[in-house]
Amino acid sequence: MEENPMNEKPSYYSILTADVRYDERLKKYADCKVLFSEITALSNKYGYCTASNGYFARLYDRPKPTISRWINLLIKLGYLKSEMIYKENSKEIKERRLYPITTPINANNNMGINASVKGGY
């Protein structure tokens with residue numbers, strides 16, 4: 001798997017969507033939210049991120065199993081989609097693609113407009 005498509009820290013902006021930012025299930029996982037934001041930064045060019053768990057572990061000075069748990073949590077909650085790309089005629093993984101999802105699969109999309117919110121456009 002490719003460590004970092006840019007071989008350096010990205011200079012692109014990152015996005016931390018309100019869905020992720022205010023999700024009560026992630027209340028104790030501030031670092032997981034930062035990881036999601038990093039994945040959005042690495043996804044700016046192609047719409048997906050190919051960085052490995054080892055890359056994130058070194059970047060954030062966390063063990064690989066911790067990174068794996070965070071990624072799996074984000075997938076479970078519907079904030080990331082993971083796709084494995086295999087080498088031709090093989091079961092060997094060529095790369096993993098992480099796609100940030102801005103509207104999680106399990107979100108309540110029928111919430112409507114909150115009339116009690118004042119101001120803004």
Hey, could you give me the [atom1]/[atom2] distance between [X] and [Y], rounded to the nearest 0.5 Å?
X: Leu26; Y: Glu24; atom1: CG; atom2: CD; result: 9.5 Å
X: Tyr48; Y: Glu83; atom1: OH; atom2: CD; result: 8.5 Å
X: Ile39; Y: Leu80; atom1: CD1; atom2: CG; result: 4.5 Å
X: Ile93; Y: Ser52; atom1: CD1; atom2: OG; result: 12.0 Å
X: Asn72; Y: Ile67; atom1: CG; atom2: CD1; result: 11.5 Å
X: Leu74; Y: Arg69; atom1: CG; atom2: CZ; result: 13.0 Å

Any idea which heavy atoms bring [X] and [Y] closest together, and the distance?
X: Ser82; Y: Ile75; value: CB-CD1, 3.6 Å
X: Gly47; Y: Pro100; value: O-CD, 3.9 Å
X: Arg97; Y: Thr50; value: CG-CG2, 4.3 Å
X: Leu42; Y: Ala51; value: CD1-CB, 3.9 Å

Side-chain donor or acceptor of Thr40 paired with backbone N/O of Ser37 under 3.5 Å
yes

Keeping the roles fixed (side chain from Ser14, backbone from Ala41), state whether a donor-acceptor pair exists under 3.5 Å.
no

Parallel under 30°, tilted from 30 to 60°, perpendicular over 60°: which one fits the rings of Phe36 and Tyr79?
perpendicular

What's the verdict on side chain to side chain contact (heavy atoms under 4.5 Å, CB included) for Asn53 and Arg96, showing C-alpha distance, side-chain angles and the deciding distance?
CA-CA 10 Å; Asn53 290 2; Arg96 173 190 66 187; 2.7 Å; yes

Say whether Leu73 and Leu16 are linked into one hydrophobic cluster, either directly or through other cluster members, by side-chain heavy-atom distances under 4.5 angstrom.
yes

Leu98-Ile85 co-clustered via ILVMFWY side chain contacts under 4.5 Å
no

Check whether more than 12 heavy atoms from other residues, nucleotides or ligands sit under 6.0 Å from atom OH of Tyr29, and answer yes or no.
no

Between Tyr60 and Glu38, a side-chain donor and acceptor under 3.5 Å:
yes

Taking it one step at a time, do Asp23 and Asp19 satisfy side chain to side chain contact (heavy atoms under 4.5 Å, CB included)?
CA-CA 6 Å; Asp23 190 326; Asp19 291 339; over 6 Å; no

Salt bridge Glu92-Lys94, side-chain N to carboxylate O under 4.0 Å
no

Evaluate the side chain to side chain contact (heavy atoms under 4.5 Å, CB included) criterion for residues Phe56 and Arg62: first the C-alpha distance (whole Å), next the side-chain angles of each, then the deciding distance (0.1 Å), finally the verdict.
CA-CA 8 Å; Phe56 291 125; Arg62 297 288 186 271; over 6 Å; no

